[in-house]
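Written below as structure tokens is the structure these notes are about.
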Protein chains: 2
Amino acid sequence: MKNAYRIGEVATRTGCSPESIRHYEKLGLLPTPKRSEQGYRYYDQAALERIGFIRHGRSLGLDLHSIQELLALSDHPDTDCGAADDIATRHLQHLEARIAKLQALAAELRQVVQQCRGGKAADCQIIQTLYDHTLACSERGCG
Amino acid sequence: MKNAYRIGEVATRTGCSPESIRHYEKLGLLPTPKRSEQGYRYYDQAALERIGFIRHGRSLGLDLHSIQELLALSDHPDTDCGAADDIATRHLQHLEARIAKLQALAAELRQVVQQCRGGKAADCQIIQTLYDHTLACSERGCG
DNA sequence: CTAAACCCTGTAATCGTTACAGGGTCAAGC
DNA sequence: GCTTGACCCTGTAACGATTACAGGGTTTAG
């Protein structure tokens, strides 16, 4: 049959492992596919595109739950688009917050690393710093 | 006895939950503490500082394995400090790579969000973009 | 006919933390 | 004494997304 792919070929075409594809199916992001008499899954072009949609969402850092919501919107073309905008905007804010936090961590770690002048562990400023900032840190909420 | 704390008090003093403390012990980051006759764990000041060390490392984003290595260095003051520098530097590079990736994602997502002009899902550019970029994306390795 | 490559299901691992269940201990108040 | 609530114990399972099995069946090429 034309345009009917087994899971392995779908995997190579989409860059998504067979395990993940089966996982998405179990979670309800993919419809249950047709099966051969022996039980092999067979996918059509629409399924390929749906998997591509999921992978692109994942590559943007969206979680599977958000992707599922976006797919549901896509499945109901008459619904309002605002929900999609909400999901994307929320995720963008989440990303920006995470970037800010990681940048703060990197800055602190850069300081720590610069203090190391070699020598023995007993004098190591990296280790000392981890001990020193300890309690103050949880009080300041700098974690 | 003086300076002997039960796990709950250690938790409030360090900002680390009792579950995590027991977890660290099971993983070997904390020595097996003294026990009361009834089996309650009792901790001294040194244990408090060790837990603080772990929490500070975690707040910097270090994984428990790296923290364990740093603790091992700290436990052997005569070993060379270079290993600590390696761990911290490696983690810093890891952080910087993650920041760069997240920034790229945020930039792409910002573009996607801006394309949304409201309306029906059928016309939604967010959903369209997720479909469109799909296959090209995995080929370009932009994930 | 056989070996490799594929597919199936179900389970467990990863990481760090949290949340139970089911039970024991200890203080204060009645 | 007896109860209530706040602790503590152990062991197990959950979270999210993916990977890695085990143990078995199927297809395809040599």
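Convention: sequence-line order gives letters A, B, ...; per-chain numbering from 1.
Mapping A:L27 and A:Q38 onto DNA chain D by nearest heavy atom places A:L27 closer to the 5' end of the strand. Between B:H65 and B:R22, the residue anchored nearer the 5' end of DNA chain C, judged by the nucleotide with its closest heavy atom, is B:H65.
Heavy atoms of A:S17 sit under 4.0 angstrom from primed sugar atoms or phosphate atoms, though from no base atom. When heavy atoms are screened at a 4.0 angstrom cut-off, B:R6 is found touching the sugar-phosphate backbone but no base atom.
In this structure the side chain of B:R110 never reaches within 4.5 angstrom of the side chain of B:V113, judged on heavy atoms. Contact annotation: the side chain of A:Q125 approaches that of A:Q128 to within less than 4.5 Å [non-hydrogen atoms, C-beta and beyond]. Taking 4.5 Å as the limit, every side-chain heavy atom of B:Y40 sits out of range of all side-chain heavy atoms of B:R35. Annotation: side chain of B:I7 is in contact with side chain of B:R22 (closest heavy-atom distance under 4.5 Å).
The backbone N or O of B:V10 lies less than 3.5 Å from no partner atom in the side chain of B:R6, so there is not a single donor-acceptor pair.
B:Q68 has its CD atom 14 Å from the C1' atom of C:dG16, to the nearest Å. We find that CD1 of B:I7 is positioned 17 Å from C1' of C:dC26, with the value rounded to whole Å. For B:L64 and C:dT14, the CG to P distance is 13 Å, given to the nearest whole Å. To the nearest angstrom, C1' of C:dT17 lies 15 Å from CG of B:D63. Atom CD of A:E19 and atom P of C:dC7 are 10 Å apart (whole Å). Summarising the geometry, the separation between CD1 on B:I21 and C1' on C:dT17 is reported as 13 Å, rounded to the nearest angstrom. Between the P atom of C:dT17 and the CG atom of B:L62 lies a distance of 12 Å, rounded to the nearest Å. Here C:dC15 presents its C1' atom at 12 Å from CD1 of B:I67, a figure rounded to the nearest Å.
Every pair passing salt bridge (charged side-chain N to carboxylate O under 4.0 Å, His left out) that includes a residue from residues 66-95 of chain B is listed here, sequence neighbours excluded: B:R50-B:D75.
Around atom CD of A:Q115, more than 12 heavy atoms belonging to other residues, nucleotides or ligands sit under 6.0 Å away.
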Q.
For a salt bridge (charged side-chain N to carboxylate O under 4.0 Å, His left out) check, start with the C-alpha distance between A:E96 and A:K101, then their side-chain angles and the critical distance, and finish with the verdict.
A. CA-CA 9 Å; A:E96 284 166 346; A:K101 179 168 178 180; over 6 Å; no

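Between B:Y24 and C:dT17 there is a side-chain polar atom (N or O) within less than 4.0 angstrom of OP1 or OP2. Contact annotation: B:R55 reaches the phosphate of C:dT17 (side-chain N/O to OP1 or OP2, under 4.0 Å).
Contacts between chain B and DNA chain D, taken as any atom within less than 4.0 angstrom of a protein heavy atom, begin and end at D:dC7 to D:dT10.
Side-chain rings of A:Y43 and A:Y5 stay apart, their centers remaining 6.0 Å or farther from each other.
The side chain of A:Y40 has C:dC7 as its nearest neighbour among C:dG16, C:dC7, C:dG24.
Looking only at atom types and distance, the side chain of B:D63 has a donor-acceptor partner in the side chain of B:S66 under 3.5 Å away.
In the helix from C:dC1-D:dG30 to C:dC30-D:dG1, the end axes, each obtained as the rotation axis mapping the C1' atoms of four pairs onto the next four within a five-pair block, lie 30° apart to the nearest 10 degrees.
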